[in-house]
Amino acid sequence: MTSYKSKLRVHYGYAFEDALIDEICLVAKHKVIAAEQAVINFEDTIQYMPLLLKGSIKVLRVDEQGNEVFLYYLEKGDTCAMSLTCCLGNKKSEIIALSEEESELLLIPVKYLNEWLCVYTSWKNFIFNSYNARLEELLTVIDSLAFMNMDKRLLKYLQDKSMVLGTLELEITHQNIAQELNSSREVVSRLLKKMESKNIIKLSRNKITILNL
DNA sequence: ACATTAAGTGATT
DNA sequence: AATCACTTAATGT
């Protein structure tokens, strides 16, 4: 039997009934993504809906000038709400997605999305909940953008990253962070410095160590 | 020792 | 908070 079926059970079993899990295994493509790979590029046409089995995917909003804003992480048990809108509307992707670590996912061809909505209640609930969770998440992003709460955004960024990668040692430059938050290096450096003086983090070159969040 | 790149800082808008 | 101009520190060759 398929090797990923058990993983599917572990991470999605709470949501999906057995029959659905069986069906997913029949039609899904299994894919392993190396660290630091683009999973979805801007204006890609999405033909599959992903279910994450292992690792994490970072989702960013970008514009034509290459400005980007970090939106959220996808983790095991998640799916991408963006892919749903894209798939159902047959639109091009408004976001980009990157793997930060080696990740594993199942790709479900678009055509099943609709079918399953009618057949499986658990699927309908899952989709609905995913949408909901993502929308909530985006609202908090909007809040912090609207009120220019860089300090809170930065804190959340570090928390998320540490959580998702399962480490307190983040290897990243201030410049990089600034890019993802669409801010400037100096601002990020200054805020980090403040956090360091409060013993929240420890700074070193190319590295931020988290002490107490 | 030197060049390169990351990070720190003050002033200005 | 962003930008500029400049300094200082860390790291690779």
Side-chain angles (χ1 to χ4, degrees), chain A residues 32-44 52 54-76 78 80-82 85-86 91-104 131-213:
Chain A
V32 176
I33 314 263
E36 308 292 336
Q37 292 294 303
V39 182
I40 294 168
N41 283 305
F42 188 57
E43 300 207 314
D44 271 7
L52 207 51
K54 189 190 129 197
S56 58
I57 305 284
K58 182 165 67 180
V59 178
L60 304 159
R61 175 99 240 241
V62 287
D63 69 6
E64 298 78 15
Q65 283 90 51
N67 292 318
E68 47 188 47
V69 179
F70 166 77
L71 293 180
Y72 50 75
Y73 279 106
L74 255 35
E75 291 181 90
K76 298 185 282 287
D78 285 341
C80 181
M82 196 53 221
T85 7
C86 287
K91 298 254 172 62
K92 292 188 171 174
S93 177
E94 302 278 336
I95 50 94
I96 62 174
L98 304 167
S99 61
E100 282 210 318
E101 51 183 333
E102 186 182 285
S103 302
E104 209 177 319
Y131 247 102
N132 219 299
R134 239 70 268 186
L135 191 61
E136 298 261 321
E137 193 133 26
L138 288 182
L139 283 179
T140 66
V141 173
I142 290 174
D143 280 347
S144 53
L145 286 176
F147 301 117
M148 301 259 185
N149 261 325
M150 272 310 298
D151 46 354
K152 283 187 190 156
R153 273 217 292 161
L154 182 56
L155 189 65
K156 185 170 188 308
Y157 179 83
L158 296 177
Q159 283 170 336
D160 283 356
K161 194 171 179 91
S162 152
M163 174 100 59
V164 149
L165 298 179
T167 172
L168 295 176
E169 304 231 315
L170 304 177
E171 285 201 14
I172 190 159
T173 64
H174 302 182
Q175 178 72 88
N176 259 317
I177 297 173
Q179 219 167 64
E180 300 219 321
L181 298 181
N182 196 27
S183 175
S184 63
R185 199 216 84 227
E186 295 93 321
V187 170
V188 169
S189 285
R190 282 177 177 130
L191 290 172
L192 286 172
K193 209 77 206 295
K194 267 189 206 164
M195 293 170 72
E196 187 178 39
S197 67
K198 288 189 209 156
N199 286 318
I200 297 173
I201 55 174
K202 167 129 187 358
L203 298 175
S204 30
R205 194 186 170 93
N206 289 315
K207 194 174 83 180
I208 297 171
T209 309
I210 292 171
L211 306 175
N212 322 289
L213 279 188

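Within every chain, numbering begins at 1; the chains are lettered A, B, ... in the order of the sequence lines, protein sequences first and strands thereafter.
- Put simply, CD1 on A:I201 is 10 Å from P on B:dG8, counting in whole angstrom units.
- Proximity of A:T173 to A:R185: side-chain heavy atoms (C-beta onward) are nowhere separated by under 4.5 Å.
- At least one side-chain heavy atom of A:M150 sits less than 4.5 Å from a side-chain heavy atom of A:R153.
- Remark on DNA chain C: of its neighbouring residues A:N206 and A:S183, the 5'-side contact belongs to A:S183, judged by nearest-heavy-atom nucleotide.
- At whole-Å resolution of the value, CG in A:L170 and P in B:dA7 are 13 Å apart.
- Not one N or O on the side chain of A:S144 forms a donor-acceptor pair closer than 3.5 Å with the backbone of A:N149.
- When side chains are defined from C-beta on, A:L158 counts as touching A:M195, because their heavy atoms get closer than 4.5 Å.
- Of the residues in residues 184-196 of chain A, those placing a heavy atom less than 4.0 Å from an atom of DNA chain B are A:R185, A:E186, A:S189, A:R190, A:K193, in numerical order.
- Rounded to an integer number of Å, the gap from NE2 of A:H174 to P of B:dT5 is 17 Å.
- As a whole-Å value, the separation of A:Q179 CD from B:dA6 P is 11 Å.
- For the pair A:E101 and A:K54, the salt-bridge criterion is not met [side-chain N within less than 4.0 Å of a carboxylate O].
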**Prompt:** Which is it for A:D151 and A:R190 under the side-chain contact (heavy atoms from CB on, under 4.5 Å) test, yes or no, and what are the steps along the way?
**Reply:** CA-CA 10 Å; A:D151 46 354; A:R190 282 177 177 130; over 6 Å; no
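- The nearest whole Å value for the distance from the CG atom in A:N176 to the P atom in B:dT5 is 14 Å.
- Atoms CG (A:L203) and P (C:dA10) sit 12 Å apart, rounded to a whole Å.
- The CD1-P distance, from A:I172 to B:dA6, rounds to 12 Å in whole Å.
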Return the polar atom pairs (N/O with N/O) between nucleotides 1-3 of chain B and the protein under 3.5 Å, or none.
none

**Request:** Test A:L170 against A:S162 for side-chain contact (heavy atoms from CB on, under 4.5 Å), laying out the working first.
**Result:** CA-CA 7 Å; A:L170 304 177; A:S162 152; 4.2 Å; yes
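- In this structure, CG of A:N149 is placed 16 Å from C1' of C:dA2, rounded to the nearest angstrom.
- Put simply, the side chain of A:E196 gets close to the backbone of A:L203: a donor and an acceptor are under 3.5 Å apart.
- The closest donor-acceptor contact from the side chain of A:S103 to the backbone of A:I33 lies at 3.5 Å or more, if one exists at all.
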